[in-house]
Amino acid sequence: MSALSHDPETDLRERRRAVRELGAALRELTDAAVSTEVDTETLVETAEQIRALVPALAAARRERGQPATVDDGRRPRRMYSPAAGPGNPIAPPMRVEIVDGVAIGTCELGLAYEGPPSYVHGGISALLLDQILGHAHAANGKPGMTVKLALRYRRPVPLKAPLRIVGRVVRLDGRWTSSIATISTADDPDTVLVEAEGAFVVPNAEQSKRLFGELERIV
C-alpha cells in the first residue's frame, strides 16, 4: 500500500479514537466548569478561550438527519449517544455489556448530573434506564422504540459513586416487548435506588421509512 493510499478501516478506527479523546476532554472541561469556584475574571477569560475553539470544529458539521461518519449503521452503540456515547460530552458515558440477554451498564456521575445536592437528577436516572432497556431489547432481537417508561424512585442516587444499571426483557409479543430495569450502586447491587417498567415496539417498514427515511438501520 503506497504512502498516498488510505485504508478505510484504519481511518475509521483513528477517527473513532479521536472522537473518544475529544469527548473525554470535553467531559473533563464540563466537570471543571460545574465545580469551579475560581474568580470571575478567570471565568470570563476561559469562556473567551473556549469560544475561540468553536470555529475549527464547526468548519465541517452534520445536520439533523445526517448520520455521523463514525456510525456505520451496524454498531449497537452510537458514538454520540447522550447516555452511552463516548464522543458526546454530556454522556457519562455508560459502559454496557450483555450477559445471557441481560444488559448491564456501569458508570459514575459527577457534579454535571446533580439534582438535589450530592445526588443525581431524576431525569438523568430516566435517561440511563431508557438506554439500558434499549440495549436489552436489541440483545433479544427486538431493537425498537420506547412507547412507555414508568419509573419509581425509591432512594436518591449518589453522585461520584460507581453505579450498576440492569435491564432485561420480561415479555415478547410480536413487535411489542415489555421490560424492567433498575439502578443500584456497584457496592450494594441488591438495594434498588430507581426502578423502571418499559414497553417497546419495533417499527414496521412503513413506520421506519416515515420516521427515519434512510436512517432506519441505525436507530
Side-chain angles (χ1 to χ4, degrees), residues 6-96 105-132 134-135 146 156-163 165 183 211-215 217-219:
H6 296 279
D7 174 14
E9 288 297 324
T10 299
D11 290 346
L12 184 58
R13 284 196 299 271
E14 291 178 352
R15 184 171 183 81
R16 285 174 176 160
R17 186 179 302 114
V19 165
R20 286 192 292 270
E21 285 298 315
L22 178 59
L26 290 173
R27 277 188 291 278
E28 291 178 26
L29 180 63
T30 300
D31 183 68
V34 300
S35 59
T36 186
E37 291 293 343
V38 299
D39 60 87
T40 302
E41 182 179 356
T42 300
L43 291 176
V44 174
E45 291 178 352
T46 302
E48 293 175 351
Q49 294 169 4
I50 293 171
R51 285 197 179 95
L53 300 174
V54 174
L57 291 175
R61 61 194 305 170
R62 62 190 176 96
E63 301 297 335
R64 181 179 184 270
Q66 180 181 359
T69 55
V70 288
D71 293 331
D72 61 11
R74 293 184 297 272
R75 295 170 59 82
R77 183 176 73 172
R78 298 172 64 189
M79 293 290 283
Y80 293 112
S81 161
N88 192 326
I90 71 171
M94 177 169 58
R95 297 178 179 273
V96 180
T106 55
C107 69
E108 185 171 326
L109 301 172
L111 290 174
Y113 307 96
E114 187 173 42
S118 78
Y119 294 104
V120 175
H121 190 288
I124 300 300
S125 295
L127 172 70
L128 295 177
L129 289 166
D130 184 57
Q131 180 72 19
I132 203 67
H135 283 275
T146 311
V157 178
L159 294 169
K160 296 188 176 183
L163 301 177
I165 305 98
I183 297 177
L211 291 171
F212 309 114
E214 297 300 320
L215 296 180
R217 289 197 312 120
I218 70 172
V219 294

Mind checking what makes side-chain contact (heavy atoms from CB on, under 4.5 Å) contact with [X], not counting sequence neighbours?
{"X": "E63", "answer": "R61, Q66"}
{"X": "P156", "answer": "Y119"}
{"X": "E14", "answer": "T10, D11, R17"}

What I'd like to find out is whether the side chain of [X] reaches to under 4.5 Å of the side chain of [Y], using heavy atoms alone.
{"X": "T106", "Y": "I165", "value": "no"}
{"X": "M94", "Y": "L128", "value": "yes"}
{"X": "P67", "Y": "R62", "value": "no"}

Which atom of [X] lies closest to which atom of [Y], heavy atoms considered:
{"X": "I132", "Y": "G105", "result": "CD1-N, 3.6 Å"}
{"X": "L163", "Y": "P158", "result": "CD2-O, 4.2 Å"}
{"X": "C107", "Y": "P93", "result": "CB-O, 4.1 Å"}

Between [X] (side chain) and [Y] (backbone), is there a donor-acceptor pair under 3.5 Å?
{"X": "Y113", "Y": "A91", "value": "yes"}
{"X": "R16", "Y": "V70", "value": "yes"}
{"X": "Y80", "Y": "D71", "value": "no"}

Pairwise distance CG(L159) to OG(S118) - rounded to 0.5 angstrom: 6.5 Å
From S35 OG over to E114 CD, what is the distance, rounded to the nearest 0.5 angstrom? 10.5 Å
Quick one: side chains of residues 21-34, donor-acceptor pairs under 3.5 Å with protein atoms, not counting sequence neighbours, listed by atom name and distance.
{"unit_1": "R27", "atom_1": "NH1", "unit_2": "P86", "atom_2": "O", "d": "3.2"}
{"unit_1": "R27", "atom_1": "NH1", "unit_2": "N88", "atom_2": "O", "d": "2.9"}
{"unit_1": "R27", "atom_1": "NH2", "unit_2": "P86", "atom_2": "O", "d": "2.9"}
{"unit_1": "T30", "atom_1": "OG1", "unit_2": "L26", "atom_2": "O", "d": "2.9"}

Using side-chain hydrogen bond (donor to acceptor under 3.5 Å, both in side chains) as the criterion, list what pairs up with [X], not counting sequence neighbours.
{"X": "R15", "result": "T69"}
{"X": "T146", "result": "D130"}
{"X": "T42", "result": "D39"}

Steps toward side chain to side chain contact (heavy atoms under 4.5 Å, CB included) verdict (K160, L111): CA-CA 8 Å; K160 296 188 176 183; L111 290 174; 4.3 Å; yes
